[in-house]
Amino acid sequence: MATVLAEPGEVDARAAPGLRVAVLIPIHNGWSYTQNTLAWLEQSLARGQHLRHNVAVVVIDDGSTDGSAEFIRTLHPEIHLLHAEGSLW
């Protein structure tokens, strides 16, 4: 069975109202990389405005000590932030 991926703009959330996507972003320090990833994701979702409300962004912070969690909590309150103690990877 072949997997068919839709081209950008081909999927209309109104045609698939139950469509939900979770974007999981694992982090451990590296705030600058995380910041770049979140900025790219925000720009990508802005292009597909009609899909934006069907996407949940979840950041899994595995015990960062560089302030990543605090930055995300402050700058991106819409993101679901999960914490671990540094033993996930």
Side-chain angles (χ1 to χ4, degrees):
M1 178 181 216
T3 301
V4 179
L5 300 177
E7 291 296 320
E10 282 185 0
V11 177
D12 187 342
R14 294 167 295 208
L19 177 67
R20 297 285 186 260
V21 175
V23 177
L24 305 177
I25 304 171
I27 65 169
H28 179 79
N29 295 322
W31 168 240
S32 63
Y33 296 112
T34 304
Q35 193 173 21
N36 289 340
T37 299
L38 295 175
W40 175 86
L41 186 57
E42 188 173 320
Q43 289 173 352
S44 296
L45 290 173
R47 285 190 295 257
Q49 232 6 296
H50 59 286
L51 294 175
R52 187 179 194 118
H53 67 280
N54 286 336
V55 176
V57 179
V58 181
V59 173
I60 303 122
D61 179 19
D62 191 23
S64 292
T65 57
D66 65 348
S68 293
E70 291 79 13
F71 285 122
I72 292 168
R73 196 176 299 109
T74 302
L75 300 175
H76 299 281
E78 73 283 0
I79 290 177
H80 303 280
L81 183 61
L82 303 177
H83 298 279
E85 300 302 319
S87 59
L88 294 176
W89 47 82

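Along the sequence shown, residues are numbered consecutively beginning with 1.
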With sequence neighbours excluded, residues passing side-chain contact (heavy atoms from CB on, under 4.5 Å) with [X]:
| X | answer |
| --- | --- |
| Asn29 | Ser64, Thr65, Asp66 |
| Ile79 | Leu38, Val57, Val59, Ile72, His76 |
| Ser44 | Trp40, Arg47 |
| His80 | Ala56, Val58 |

To the closest 0.5 Å, what do you measure between [atom1] ([X]) and [atom2] ([Y])?
| X | Y | atom1 | atom2 | result |
| --- | --- | --- | --- | --- |
| Ile25 | Leu82 | CD1 | CG | 11.5 Å |
| Glu42 | Thr37 | CD | OG1 | 12.5 Å |
| Ile27 | Gln35 | CD1 | CD | 11.5 Å |

Over all heavy atoms of both residues, which pair between Ile60 and Leu24 is shortest? Give the atoms and the distance, please.
->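 Where Ile60 meets Leu24 most closely, the heavy atoms are CD1-CB, 4.1 Å.
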
Ignoring hydrogens and geometry, is there a side-chain-to-backbone donor-acceptor pair from Asp62 to His83 under 3.5 Å?
->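 Not confirmed, Asp62 side chain does not pair with His83 backbone.
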
For Tyr33, check ring-ring contact (aromatic ring centres under 6.0 Å, His included) against everything at least two apart and list the hits.
-> none

